[in-house]
Asker: 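What follows is a structure written as structure tokens; I'll ask about it next.
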Amino acid sequence: CFLYQRRIKPKRVKLVVKNEDEKDISFECLFENKPHLEVHAPATVLQPKKSKEIIVEFLPRQLIHYREEIPFEINGLFIDTIVFEGEGTPSKVELSIPSQKVVNFGAIRSGEKAVKQIEIVNKSKIPATVLFDKDTLKHLQKYYLYILGRKVKDSLSIPLNPKEKQAITLVFEPKVRLNTFTVNLNADICGIARQLLNIVGSSQGIEVKLDTSTLAFGPVVQHTIVTK
């Protein structure tokens, strides 16, 4: 799984211990938790036909293969061991074309629409998710920017398998005049907030005004018409 960071939820595995005997059994986990592996299993006495869930959390800190043996003492008489294996891998979701780090819509007129397309790729060994949260989408819409060409009220999630590419359409459709702006497009990639690219644009309004604020007719003879 991906290297552990504080904002990332650890990978969890659920084990179920069930007493198939006709008498009570007790078990105790003898494993001492480590930075990369935590076992949540207090000493327990199980009645017949009852079960108990054990949670194992994997928090890889290095790009290595991990192997741990988790021993359980049963009724204080014998040891049953479970082998755990896992690997830490980095999250590598990025733009397919590095030059797309800046998406420039240029200057368009209010009421017009401009469309750009970018492409992201998952270079990680395992599936990854790109999430545009509600706040990010709301901030973009202040500048009349839309992902996938539509308003999205809630978050937008894009799952990616290893080596999979995904095109993302960006639409700029201003309704008012806007000075030149630069907006960061941020995404939550596997629990980590990252900046994907910058968006630049502006909107030109149509301004009509008279070339003078005063129009003088001078003396006019009654019942005649003067046109200017």
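Note that the coordinates shown come from a computational prediction; the quantities given were computed from them, not determined experimentally.
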Asker: Is the backbone N or O of Asp135 less than 3.5 Å from a side-chain atom of Asp133, with the two atoms forming a donor-acceptor pair by type?
Answerer: yes

Asker: Just wondering, do Phe72 and Ile54 contact through their side chains at under 4.5 Å, heavy atoms?
Answerer: yes

Asker: How long is the span from the CZ atom in Phe105 to the CD1 atom in Ile199, to the nearest 0.5 Å?
Answerer: 6.0 Å

Asker: Please say yes or no: joined through hydrophobic side-chain contacts below 4.5 Å, possibly via intermediate residues, are Ile168 and Val121 part of one cluster?
Answerer: no

Asker: With side chain to side chain contact (heavy atoms under 4.5 Å, CB included) as the test, would you mind laying out the steps for Ile74 and Ile79 before giving the verdict?
Answerer: CA-CA 6 Å; Ile74 311 298; Ile79 303 294; over 6 Å; no

Asker: Measure the NE2-NZ distance between His40 and Lys14 for me, rounded to the nearest 0.5 Å.
Answerer: 13.5 Å

Asker: Only one of Phe31, Phe58, Tyr66 forms a ring-ring contact (aromatic ring centres under 6.0 Å, His included) with Phe84, so which one is it?
Answerer: Phe58

Asker: Is the side chain of Arg194 donor-acceptor paired with the backbone N or O of Ile189 at a distance under 3.5 Å, no angle test?
Answerer: no

Asker: Is any side-chain heavy atom of Lys92 less than 4.5 Å from a side-chain heavy atom of Ser124?
Answerer: yes

Asker: Before giving the answer on side chain to side chain contact (heavy atoms under 4.5 Å, CB included), spell out for Leu3 and Leu63 the whole-Å C-alpha distance, their side-chain angles and the decisive distance to 0.1 Å.
Answerer: CA-CA 7 Å; Leu3 293 179; Leu63 302 175; 3.6 Å; yes

Asker: Would a single hydrophobic cluster contain both Leu160 and Leu170, if residues Ile, Leu, Val, Met, Phe, Trp and Tyr are joined by side-chain heavy-atom contacts under 4.5 Å?
Answerer: yes

Asker: Hey, could you give me the CG/OG1 distance between Asp24 and Thr44, rounded to the nearest 0.5 Å?
Answerer: 12.0 Å

Asker: Around atom CD of Gln195, are there more than 12 heavy atoms of other residues, nucleotides or ligands at under 6.0 Å?
Answerer: yes

Asker: In Å, rounded to the nearest 0.5 Å, how long is the span from CD of Gln141 to CD1 of Ile147?
Answerer: 9.0 Å

Asker: Count the heavy atoms of every other residue, nucleotide or ligand shown that sit under 6.0 Å from CD of Glu20, and state whether that count exceeds 12.
Answerer: yes

Asker: Verify, without hydrogens or angle tests, whether Thr81 (side chain) and Pro71 (backbone) share a donor-acceptor contact under 3.5 angstrom.
Answerer: no

Asker: Kindly say whether Asn122 contributes a backbone atom to a donor-acceptor pair with the side chain of Gln166 at under 3.5 angstrom?
Answerer: no

Asker: Any side-chain to backbone donor/acceptor pair from Ser203 onto Val176? Under 3.5 Å, distance only.
Answerer: yes

Asker: Hey, does the side chain of Gln100 reach the backbone of Glu119 with a donor-acceptor pair shorter than 3.5 angstrom?
Answerer: yes

Asker: Going hydrophobic residue to hydrophobic residue with side-chain gaps under 4.5 angstrom, can you get from Phe78 over to Ile82?
Answerer: yes

Asker: Evaluate the side-chain proximity of Ser51 to Asn19: yes if any heavy-atom separation is below 4.5 Å, no if none is.
Answerer: no

Asker: Tell me, with the steps shown, if Leu178 and Tyr144 meet side chain to side chain contact (heavy atoms under 4.5 Å, CB included).
Answerer: CA-CA 10 Å; Leu178 295 172; Tyr144 301 93; 4.0 Å; yes

Asker: To check you understand the geometry: which heavy-atom pair defines the closest contact between Pro159 and Ser157, and what is its length?
Answerer: CD-O, 3.8 Å

Asker: Please verify the inter-ring angle class for Phe181 with Phe172; under 30° counts as parallel, over 60° as perpendicular, anything in between as tilted.
Answerer: perpendicular

Asker: When hydrophobic residues are tied together by side-chain contacts of less than 4.5 Å, even through go-betweens, does Ile158 share a cluster with Leu196?
Answerer: yes

Asker: For the CD1 atom of Ile118 and the OG atom of Ser99, what is their distance to the nearest 0.5 Å?
Answerer: 11.5 Å

Asker: Can you tell whether the side chains of Glu173 and Lys175 come within less than 4.0 Å, N to carboxylate O?
Answerer: yes

Asker: Looking at Val39, is its backbone amide N or carbonyl O close enough to the side chain of Asn33 to form a donor-acceptor pair, meaning the two atoms are under 3.5 Å apart?
Answerer: yes

Asker: Leu131 and Tyr146: same hydrophobic cluster, using ILVMFWY side-chain contacts below 4.5 Å?
Answerer: no

Asker: Could you grab the distance from atom CG of Leu185 to atom CG of Leu197, nearest 0.5 Å is fine?
Answerer: 4.5 Å

